[in-house]
Amino acid sequence: MYRKDKSVQLKGSASCLYNNLSVMSMPDKNVTSYAVVHKTVVNIANCSGDAMNIQHRQVSCKEMGAPSGNSMILQAKFCEFAQRSMLVILSQRGVQMFEPDGSVMLFWHAFGSSDTGQAGEVFGRGVTAAGEGFIVVGTAKGTLLVFAVPPKGPNITMAETLTGHSYAVSDLRNNGNEVASADDSGAIIIWKAGTPFSRLSKIPGSGSTCTAVCLFNEYVAGAYGSGHIRIFDINSGNVQVEICAHAKWIHSMDIAPSAGLLVSASEDSFVRVWEVRKGNESYPEVDLKFSECITDVQLCGAKFTNRNGRTFGVTGYDHNEVACFTQKA
């Protein structure tokens, strides 16, 4: 179904983090941007359509007013709205928001003692755009910080704090006004964006970390440290499908909603693409459409570059490239 394409080289290798790849496509400019975290910097590669011309930039996340060095980064993600896009960086110290090319910092929110998790950790992990002008960030404490983002300019404000998770947040994804948040216990909460946000439902955890979550149609899919992918009914929270997808931890999962495709990447070195479609009965059907082993590489990021699932990229721990795959003609 897919063939290996030319890889995109990065200035630094990828750290072993959940969902350590973010992609932003700009068809009008024929440019695709890739962002990958390496310790205290974010490596950005702006790649032309033929991958022949690549521009690189490295963005650091420094603690404001502290000369002690850079903070360890847990996640970097492009957040896209109808009128603007931003690069959001989450670290052990706080949240920083940049112009999408990383050239200008627009906003800085420092974590305080109220954001400390159960074991004393302080960090941000999990971020998504939501609705028409919100960015939601997960913390070690299990809270969600909601920021209001104007159509232009740096006047970003803290809107509210959401509670509901008892463990550190691991991932956040959106589908329009709906937001799914997952945590280290495997619990998933569905929210509706608005002023204020409202909680729609909660799916209890099973004890294994939900490393990635995706929303599509009336379903929510979770990828787990146990190697499973589970698809739940978004309203009832009941399991519709359980897939023994990988032999080890799944580190990343993404969806191409227009094509009904899921891509998953694991530390077992395999990247796999699944097709999810409505079955004859009320349960969805899932087929494995593609599987590729990237030998001796612990995969930590997988992302479709467009909604139709024609291409996707994969990153691996300690490797300084994005492996790209394209659908066969």
Between Ser91 (side chain only) and Arg93 (backbone N and O only), is there a donor and an acceptor less than 3.5 Å apart?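 Flag set: sc Ser91 to bb Arg93 pair under 3.5 Å.
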Test item: Ser25 side-chain N/O and Thr305 main-chain N/O as donor-acceptor pair under 3.5 Å: yes
Give a yes or no on whether Lys202 atom NZ has more than 12 heavy-atom contacts from other residues, nucleotides or ligands under 6.0 Å away.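 Atom NZ in Lys202 is crowded, with more than 12 foreign heavy atoms closer than 6.0 Å.
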Enclosure of Asp296 CG (heavy-atom neighbours >12, cutoff 6.0 Å): no
Please report the shortest heavy-atom distance between [X] and [Y], naming the atom on each side.
X	Y	answer
Leu87	Glu99	CB-O, 3.9 Å
Arg125	Val169	NE-O, 2.9 Å
Asn306	Gly309	OD1-N, 3.2 Å
Met86	Ile156	CE-CD1, 3.4 Å
Arg272	Ser291	NE-OG, 3.0 Å
Leu215	Asn175	CB-CB, 3.7 Å

Just so I know, are the side chains of Ile44 and His56 near enough to count as touching, which here means a heavy-atom distance under 4.5 Å? no
Using the side-chain contact (heavy atoms from CB on, under 4.5 Å) criterion, which residues pair with Ala130? Sequence neighbours excluded. Phe134, Val136, Val179, Ala193, Phe197
Who passes side-chain contact (heavy atoms from CB on, under 4.5 Å) against Ala129, sequence neighbours left out?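 Applying side-chain contact (heavy atoms from CB on, under 4.5 Å) to Ala129 gives Cys79, Phe81.
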Cluster question for you: counting only ILVMFWY and a side-chain heavy-atom cut-off of under 4.5 Å, with indirect links fine, are [X] and [Y] together?
X	Y	result
Trp191	Val137	no
Ile229	Val213	no
Leu172	Ile188	no
Val276	Met253	yes

Report the hydrophobic cluster partners of Tyr18, with the cluster defined as I, L, V, M, F, W, Y residues connected by side-chain heavy atoms closer than 4.5 angstrom, directly or transitively. Trp249
Which hydrophobic side chains are connected to Tyr317, either touching it within the sub-4.5 Å cutoff or through other members that do? none
Selection residues 268-288 - residue pairs positive for ring pair (Phe, Tyr, Trp, His ring centres under 6.0 Å), sequence neighbours left out: none
Is it true that the side chains of Asn46 and Ser33 contain a donor and an acceptor less than 3.5 Å apart?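 Judged by distance alone, the side chains do pair up.
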So if I apply the side-chain hydrogen bond (donor to acceptor under 3.5 Å, both in side chains) rule between Ser252 and each of Thr315, Thr211, Asn19, which one comes out positive?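 By the side-chain hydrogen bond (donor to acceptor under 3.5 Å, both in side chains) criterion, Ser252 pairs with just one of Thr315, Thr211, Asn19: Asn19.
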What do the steps show when you test Asn308 against Ser258 for side chain to side chain donor-acceptor pair (under 3.5 Å), and what is the final call? CA-CA 5 Å; Asn308 59 26; Ser258 299; over 6 Å; no
Begin with the C-alpha distance, continue with both residues' side-chain angles, and end with the deciding distance and a verdict on side chain to side chain donor-acceptor pair (under 3.5 Å) for Ser181 and His165. CA-CA 9 Å; Ser181 57; His165 289 286; 2.7 Å; yes
Validation row, ring centre Phe107 to ring centre Phe147 under 6.0 Å: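 So the answer is yes for these two rings.
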Ring pair (Phe, Tyr, Trp, His ring centres under 6.0 Å) partners for Phe290, two or more places apart: Tyr2, Phe325
Step-by-step side chain to side chain contact (heavy atoms under 4.5 Å, CB included) determination, His251 to Asn20: CA-CA 8 Å; His251 277 193; Asn20 193 4; over 6 Å; no
